[in-house]
Each structure stands twice: as structure tokens, then as C-alpha cells.
Amino acid sequence: MPSRKSRHIVITGASAGIGRALALRYASPGVVMGLIGRDDARLADVAAACRARGAVIETGRVDVCDADAMRTWLDMFDDAHPLDLLIANAGIASTLAHVADWEDLERTAAVVDTNLYGALHAVLPVIARMRTRRHGQIAMVSSIAALRGMAISPAYCASKAAIKAYGDSVRPVLARDGIRMSVILPGFVKTAMSDVFPGDKRLMWSADRAARHIRRKLDAGRAEIAFPGMLVLGMRLLTLLPAALADAILGKLSYLPREGR
């Protein structure tokens, strides 16, 4: 069932990329938005653009990896503006630069801490409050990389697969409390994150197109929002193939240059 119109919204990772595009897409008179990011200048820029569209904006320069800071800020916002919608979007990319490169424990932990735990640091405090009200919607931004891991970005794929698994797992539980859970699986979107990806970026969407699509599907209450369709279909088909064959196909698509090239 379509959700009632969201008026109180928080977006993490709102200062750039999909988060910024979503903030601008939701900004309108009567909407109160909390925008969380780490870059003061970019956060101020998107806040000004959203205010120009009529929205009331509160910003939080908070690192999503800081669980206590996230809980404190979200509780303060929710006290004043009971949340209708949280979009847990903040994340970082990680790719192997060449065939001799490797993601050690430190690099892997940095990606998992930001992408997975950073999302949970936003989602869990909000869920606790939404359950008492028996109303609300949570959207967690994963990736089509969650559908099948790729050798070019192991930690990123693992973190995004964990987000999808978590969202899928809690969705039926939250539904009993009147809370909708949506998992978003974008393909390539033109952002600073995609700019550093060394492989072929097929069927890339603009951030604005992605935000428009995401908002339409969230308004409709979709449990899973995956795009673009052909790339999603290809990734799902890979999971039906023998692992060795899927590895060979992805190995050709995820080309890693030799060291120094």
C-alpha cells in the first residue's frame, strides 16, 4: 500500500551523490528534513538549496561510525519532529587498484564500519522510536553488488550484501509494528563514488534520475528498489550459474590492470 506523505525525513550521507539528489527531490513546503553529512561546506550548500525549495532544514555534521553521536542527534531530531522516513544512505567505496592490490583488515574494516555499521547506527535508534508509534518507513541503500560479489571490490560487496540481508530479515517483523522497510539496490550512478570505479560502468544513471526513481518507489511502499532493470536481471542470472562460470564472466567485466599501469 502506498505510504502517507512523508513530512519528517532524515537522510544520511546527504551532502553529495544520491543523498544530495534525494534531499533536493524531497524538499518542498511543509517538509522538515534532517541532513547528516561530514563535509560542512557541502552540507551547507545542499541545505541552502533545499531551503530555497521551501523545506525546513536541520543539519548534523555527524560521522555515522560514531554510534553515540548518531543516537543523540537522531533522538533530538525525532523529539522535535517525529520521523516518517529515514533514508540510511551514507557509504564509501573501495576498489582494488591493480592485480597486486589487496584489501587488508584495516581497509576492510573501514568499509564495513561505514557502510554496514554506519547504516545500523542510524536505523536502530529510529526503529526503536517508530515501533512505539507504530508508524514509519526505513530505507537502506545497498547496491546491486549485494546480489553477487565482484573481485574488484570485496569489502564493498560484502558490506552491501549485509545491508540487504538485514533489511530483508527485519522487514516482516517491522511490518507487524506498522513500519515499512525498503532496501535500495542501485546500479552505477554518476557520483564521486562511481568516478573512482575502474571497471566498465554500464547503464549508468544520473543522481537525479536515481533519486526520482527511488522516491517514486518509496512513495509506493516498495520493499525492494533495484535499478536499472537490465543490469539487475544480469546480476540475478549470474547467481543461477555455476560459481566458476559466474567468476569467469565477472572476471572479464571487472578488469584489474597490472601494477603500475
Side-chain angles (χ1 to χ4, degrees), residues 11-27 37 39 42 45-46 49 87-98 101 103 111 114-116 118-119 139-164 167 182-220 222 224-239 241 246-257 261:
I11 302 172
T12 70
S15 59
I18 293 177
R20 185 182 193 279
L22 282 167
L24 293 172
R25 182 61 54 181
Y26 277 100
D39 187 299
R42 292 191 305 184
D45 177 70
V46 68
I87 302 177
N89 164 75
I92 60 174
S94 175
T95 55
L96 302 182
H98 46 74
D101 195 12
E103 291 177 333
V111 175
T114 301
N115 292 358
L116 174 58
M140 301 182 74
V141 178
S142 176
S143 166
I144 63 167
L147 301 177
R148 211 306 182 164
M150 297 180 291
I152 201 168
S153 53
Y156 179 82
C157 292
S159 66
K160 294 299 187 177
I163 287 174
K164 182 181 184 306
S182 299
V183 177
I184 302 166
L185 296 92
F188 291 110
V189 177
K190 179 60 177 173
T191 64
M193 187 180 294
S194 67
D195 288 345
V196 301
F197 185 82
D200 186 15
K201 291 166 272 201
R202 302 181 179 214
L203 303 173
M204 182 180 287
W205 284 18
S206 69
D208 181 67
R209 181 183 180 185
R212 185 170 64 250
H213 180 77
I214 290 167
R215 174 163 186 185
R216 185 170 66 250
K217 298 301 183 182
L218 286 178
D219 286 348
R222 284 284 294 272
E224 183 175 281
I225 304 167
F227 60 90
M230 289 302 296
L231 196 54
V232 173
L233 176 61
M235 292 295 282
R236 293 195 194 280
L237 288 175
L238 280 173
T239 66
L241 298 176
D247 286 349
I249 294 171
L250 285 171
K252 291 180 180 180
L253 295 177
S254 303
Y255 170 72
L256 288 173
R261 289 184 57 188

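Computed from a predicted structure; not experimentally measured.
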side-chain contact (heavy atoms from CB on, under 4.5 Å) partners of Arg216, counting only residues at least two apart: Arg212, His213

Would you mind writing out the side-chain donor-acceptor pairs for residues 141-148 within the sub-3.5 Å range, not counting sequence neighbours?
unit_1 : atom_1 : unit_2 : atom_2 : d
Ser142 : OG     : Lys160 : O      : 2.7
Ser143 : OG     : Ala145 : N      : 2.9
Arg148 : NH1    : Asp247 : OD1    : 3.1
Arg148 : NH2    : Asp247 : OD1    : 2.7

Distance, nearest 0.5 Å, that separates OH of Tyr26 from CD1 of Ile87: 4.5 Å

The criterion is side-chain contact (heavy atoms from CB on, under 4.5 Å); which residues satisfy it with Ala23, sequence neighbours excluded? Ile11, Met33, Leu35, Val46, Cys50

Heavy atoms of Ser94 and Val111 approach each other most closely as CB-CG2, 3.5 Å

For Arg25, what residues pass the salt bridge (Lys or Arg N to Asp or Glu O under 4.0 Å) criterion, not counting sequence neighbours? Asp208

Distance in Å, Thr191 OG1 paired with Arg20 CZ, rounded so as to fall on 0.5 Å steps: 13.0 Å

Lys164: partners by salt bridge (Lys or Arg N to Asp or Glu O under 4.0 Å), with sequence neighbours left out: Asp168, Glu224

Hey, what do you get for CE (Met150) to CE (Met235), rounding to the nearest 0.5 Å? 5.0 Å

In chain order, what residues pass the side chain to side chain donor-acceptor pair (under 3.5 Å) check against Thr114, with sequence neighbours excluded? none

For the CG atom of Asn115 and the CG atom of Asn89, what is their distance to the nearest 0.5 Å? 10.0 Å

Does Arg222 offer a backbone N or O that forms a donor-acceptor pair with the side chain of Ser182 under 3.5 Å? yes

Quick one: CD1 on Ile214 to CH2 on Trp205, what's the gap to the nearest 0.5 Å? 8.5 Å

For Ala151 and Leu96 the tightest heavy-atom approach is O-CD1, 3.3 Å

Go through the structure and list residues passing side-chain contact (heavy atoms from CB on, under 4.5 Å) with Leu233, not counting sequence neighbours. Leu237

